[in-house]
Number of protein chains: 4
Amino acid sequence: MATKAVHPETQRSKLERKEQAILDAARAIFVEHGFDGARMSEIARRAGIGEGTIYSYYESKAELMLAVLQQFWDVLTREAETVMASTKAEGFFDRLRALAGYHLNTVILNADFINLSFALRRNNSEVSVSRDHLRHYVAVFDQLFRRGQDRGELRRDAVLWQARDIFYGSLEYSARSIEMTIGEDRAERQQGPVIDQIVALFEAHYGAVRGAEAADSDDFNRLSLQIDQLDAKFEALAKRLS
Amino acid sequence: MATKAVHPETQRSKLERKEQAILDAARAIFVEHGFDGARMSEIARRAGIGEGTIYSYYESKAELMLAVLQQFWDVLTREAETVMASTKAEGFFDRLRALAGYHLNTVILNADFINLSFALRRNNSEVSVSRDHLRHYVAVFDQLFRRGQDRGELRRDAVLWQARDIFYGSLEYSARSIEMTIGEDRAERQQGPVIDQIVALFEAHYGAVRGAEAADSDDFNRLSLQIDQLDAKFEALAKRLS
Amino acid sequence: MATKAVHPETQRSKLERKEQAILDAARAIFVEHGFDGARMSEIARRAGIGEGTIYSYYESKAELMLAVLQQFWDVLTREAETVMASTKAEGFFDRLRALAGYHLNTVILNADFINLSFALRRNNSEVSVSRDHLRHYVAVFDQLFRRGQDRGELRRDAVLWQARDIFYGSLEYSARSIEMTIGEDRAERQQGPVIDQIVALFEAHYGAVRGAEAADSDDFNRLSLQIDQLDAKFEALAKRLS
Amino acid sequence: MATKAVHPETQRSKLERKEQAILDAARAIFVEHGFDGARMSEIARRAGIGEGTIYSYYESKAELMLAVLQQFWDVLTREAETVMASTKAEGFFDRLRALAGYHLNTVILNADFINLSFALRRNNSEVSVSRDHLRHYVAVFDQLFRRGQDRGELRRDAVLWQARDIFYGSLEYSARSIEMTIGEDRAERQQGPVIDQIVALFEAHYGAVRGAEAADSDDFNRLSLQIDQLDAKFEALAKRLS
DNA sequence: TATGAATGAGCTTTCATTCAT
DNA sequence: CATGAATGAAAGCTCATTCAT
């Protein structure tokens with residue numbers, strides 16, 4: 001009886017293992033040679049299967065690439081969400097630090113593939129990654145940022161997409177610098193200062209005005225408040241329209 | 001005698017014109033189809049010459065690509081230097097604003113080619129751009145930043161490469177967002193807020209701690225920024241309505 | 001006991017049913033896509049069996065094709081013989097009419113397969129139909145013709161193979177014309193005139209020279225033929241009008 | 001000066017020679033292995049050129065096949081017309097004999113290619129010969145036959161397409177028989193009797209009733225005349241409608 | 001015996017590069 | 001130098017056939 005139950009299980013898991021082997025091999029070869037430069041035969045050899053076998057899993061080279069991209073971004077998104085979920089700190093900047101840490105590390109480790117991923121967005125019409133993957137991934141930041149605004153830790157007038165570009169743009173360029181500057185092993189040591197920098201920058205720029213020294217509100221502050229209120233009205237309007 | 005002197009001049013300029021035609025055609029085709037997707041025959045046709053002729057200027061497709069990249073970054077660097085040279089303002093943040101404006105605009109206009117340029121860094125071993133081009137280009141920022149520190153406008157403890165990554169990373173990601181969000185013509189309007197944002201961010205984070213006399217200016221700047229943000233939201237709203 | 005006796009019977013018939021399913025599926029697919037265009041996997045799917053199973057019945061694609069051809073011509077021959085056996089008329093021309101009717105109808109119904117069958121004779125060395133099938137099939141005509149000569153209904157000096165070629169050649173080309181000209185359902189109506197034509201032609205050309213008593217019949221036949229022709233023209237006219 | 005005039009001439013004729021070499025090689029290989037079985041590399045080798053060169057003359061294998069078919073039928077049609085034009089005899093049956101002789105000989109010599117040509121009509125959707133080639137070719141017969149009717153040598157009530165099928169069908173089957181029966185060299189000797197046969201057959205069956213013995217018109221003939229008149233009316237009607 | 005996943009030889013087609021003119 | 005016809009290596013993909021289950 002057990003045999004009967006286990007058998008299909010084994011079959012399926014074997015297929016899944018093979019499929020994953022193909023994906024892994026494909027990713028490695030794609031990263032190494034780019035999409036056009038990668039040869040299906042080499043992917044097959046690396047996956048330890050025959051050339052034709054790939055085509056019973058994926059209809060074409062382009063579709064294989066798509067599957068690799070899909071899985072990559074799915075995993076990334078899930079991990080980022082896990083990191084957020086398992087961060088105990090409640091404050092925005094602590095959580096931002098956690099996210100920045102995860103992202104920077106990930107970008108450094110997967111720099112080549114992320115680069116390839118972006119490159120395909122432009123050139124290759126058939127493999128163009130649906131931007132949804134990326135959008136889904138950065139949604140983690142978006143959620144965190146909005147929550148920070150709701151909690152009063154961040155300025156109400158901050159524009160989300162600008163903050164997002166600053167966050168991810170800075171981190172990605174920093175990742176490249178870290179990669180380039182150093183060999184592989186010391187890369188981690190450099191990440192601390194970069195993250196501190198980014199978080200500090202967000203604190204300085206996007207942090208809500210706090211404490212007494214800011215409280216000696218004069219005309220300027222009143223104006224600022226009025227603008228904030230206007231801003232809130234806008235947001236409400238925008239929401240009603242969408 | 002004049003003839004003898006002029007003739008080679010004409011010859012040379014004719015050759016140079018042809019070479020430039022090849023480079024222009026190559027860049028257009030490379031951008032449109034990527035490196036592997038571009039056909040030498042199409043480049044030749046676009047340049048108005050025979051297929052074989054290209055090979056008397058460049059030894060191979062890879063070398064042609066290299067030449068295109070070379071020229072592109074050289075022009076960019078020279079333009080950036082010109083922008084800096086022709087900016088009359090002496091203060092760091094004003095000059096930074098000028099540089100940011102130039103860079104953002106350039107990145108938006110040449111987004112596809114810059115992307116291709118980066119893509120080749122990884123994938124294609126034979127066309128990998130020597131990083132020197134880029135290093136040369138960002139030297140403009142480096143020089144500006146160091147001068148800011150020397151003049152006492154920036155904190156002495158700021159780490160140059162981190163600041164540089166934040167500057168270029170933020171701008172590049174913002175450029176992508178602007179591109180994606182908007183059609184072509186209104187892109188310029190969006191650039192203002194983004195630049196304000198970046199400059200304000202540098203001011204807040206890297207600006208040397210100053211006395212009370214700067215407070216007024218600070219408040220003004222913050223208000224200005226808030227208004228800019230509102231403006232950006234307006235634009236977005238207007239777009240959604242159209 | 002009954003079980004024991006019946007069981008192998010069932011087994012055998014099951015196998016035979018499966019084999020026939022393969023042959024039927026193969027014929028359909030071969031006709032639809034030609035020999036090279038047909039895929040074994042599609043034949044298997046259509047036969048409702050696994051891909052590999054075909055190979056326990058036929059060693060290769062070529063052999064399967066051969067079996068299909070074999071069966072096809074065997075069935076044709078057997079049917080033609082049955083038609084001859086069940087024709088009560090004794091006179092040559094009546095029997096010829098019966099054979100012509102059967103052949104024309106068969107060729108129309110199996111036009112595509114017969115075409116494929118002929119095509120393979122030339123092209124594909126491994127599937128070349130042994131000409132014996134065909135020879136066996138046309139033997140029905142040969143026998144009939146010789147009997148006609150023996151009975152004194154046909155000229156003694158007629159050359160058998162020439163007559164045979166005229167008979168089958170005319171019918172096959174007529175079948176093509178009928179196919180092309182008309183949709184499917186009305187094809188049968190057109191067959192009458194064609195058969196009349198051929199039979200009349202054999203009568204006029206191969207018929208033994210007879211006495212006056214045949215003259216009446218001859219005239220009748222000619223009138224009948226003329227009317228048939230008119231009928232054919234009617235049909236054509238009717239079609240053009242619809 | 002001569003050089004200038006001759007040079008392009010040479011160029012063009014060289015290209016044309018190469019193109020013809022490709023067509024010849026293609027025809028040979030297609031005949032030998034069928035459309036699917038033929039390899040482009042073998043065609044190239046036989047034409048004495050590189051593999052890729054074919055593709056600067058024909059876009060694909062299918063198009064090459066089409067060109068071969070095109071040329072083949074064009075040549076055949078032109079030759080048949082030439083034969084008809086150079087036949088001095090005016091009588092229908094003499095001219096028919098000339099056409100039959102040409103056709104039979106041609107079919108024997110090109111049997112394999114004609115077979116392939118027919119085979120493609122069914123199977124291969126992309127190479128299906130437009131039936132216009134064939135229609136154009138048989139138009140020679142059609143014209144001849146109609147002229148025979150006009151001249152009163154042939155029955156008015158004869159149906160053209162039936163006569164055509166009998167003519168070409170008989171000849172083609174006869175050609176096959178001749179081929180099969182004999183080696184190559186003696187084939188010609190066999191052609192005489194076959195042609196005599198066919199012409200005699202047309203004379204007996206389609207020849208207009210002549211001479212006095214047919215003139216003792218009785219009721220039958222009157223009926224026949226009436227039918228002929230009916231037929232003429234029909235023809236007029238059909239013409240008015242088209 | 002039946003299955004269908006796996007195989008890999010072999011196909012057409014593309015295109016950077018060469019070279020006779 | 002300029003040309004573009006010719007080249008042929010190389011790649012993606014198909015499918016008859018095999019074989020472990």
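Naming convention: chains lettered A, B, ... in sequence-line order (proteins, then strands); numbering from 1 in each chain.
- When ring centroids are compared, B:F118 and A:F118 stay outside the 6.0 Å threshold.
- The distance from atom CD1 of A:I29 to atom P of F:dG12 is 12 Å, rounded to the nearest whole Å.
- A:K18 has a side-chain polar atom (N or O) that falls below the 4.0 Å cut-off from OP1 or OP2 of E:dA6.
- Note that OH of B:Y58 and CD1 of B:I43 are 11.0 Å apart. Values are rounded to the nearest 0.5 Å.
- Residue A:K61 comes nearest to A:A38 through the heavy atom pair NZ-O, 2.8 Å, listed as atom of the first residue, atom of the second, then distance.
- A straight line from CZ of C:R17 to P of E:dA2 spans 13 Å, rounded to a whole angstrom.
- Contact between A:S117 and A:W73 at its shortest, heavy atoms only, is OG-NE1, 3.1 Å.
- Note: A:R27 CZ to A:R46 CZ = 11.0 Å, rounded to the nearest 0.5 Å.
- Nearest approach of D:R39 to D:I29, heavy atoms of both residues: N-CG2, 4.4 Å.
- Between the CG atom of D:L64 and the P atom of E:dC11 there is a distance of 16 Å, given to the nearest Å.
- Nearest approach of B:A44 to B:G50, heavy atoms of both residues: CB-O, 3.8 Å.
- The CD1-P distance, from D:I54 to E:dT14, rounds to 13 Å in whole Å.
- Atom OH of D:Y57 is separated from atom C1' of F:dT7 by 13 Å (rounded to the nearest Å).
- Taking atom CD1 of residue A:I22 and atom P of nucleotide E:dA5, one finds them 13 Å apart after rounding to whole Å.
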In the 5'-to-3' direction, what one-character label does each nucleotide of nucleotides 15-20 of chain F receive under the scheme B = base within less than 4.0 Å of a protein heavy atom, S = sugar-phosphate only, - = no such atom? SSBB--

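- Using a 4.0 Å cut-off, some side-chain N or O of C:S56 falls inside it from OP1 or OP2 of E:dA2.
- A 4.5 Å side-chain heavy-atom check between C:E63 and C:Y55 finds every atom pair outside the cut-off.
- Look at CD on A:E63: it is 10 Å from P on F:dC13, rounded to the nearest Å.
- Between D:F30 and D:L64, the closest side-chain pair of non-hydrogen atoms falls below 4.5 Å.
- As a whole-Å value, the separation of A:I43 CD1 from F:dG12 P is 8 Å.
- Counting only Watson-Crick and G-U wobble pairs whose two distances sit under 3.5 Å, DNA chain E takes part in these stems of three or more pairs: E:2-21 with F:2-21.
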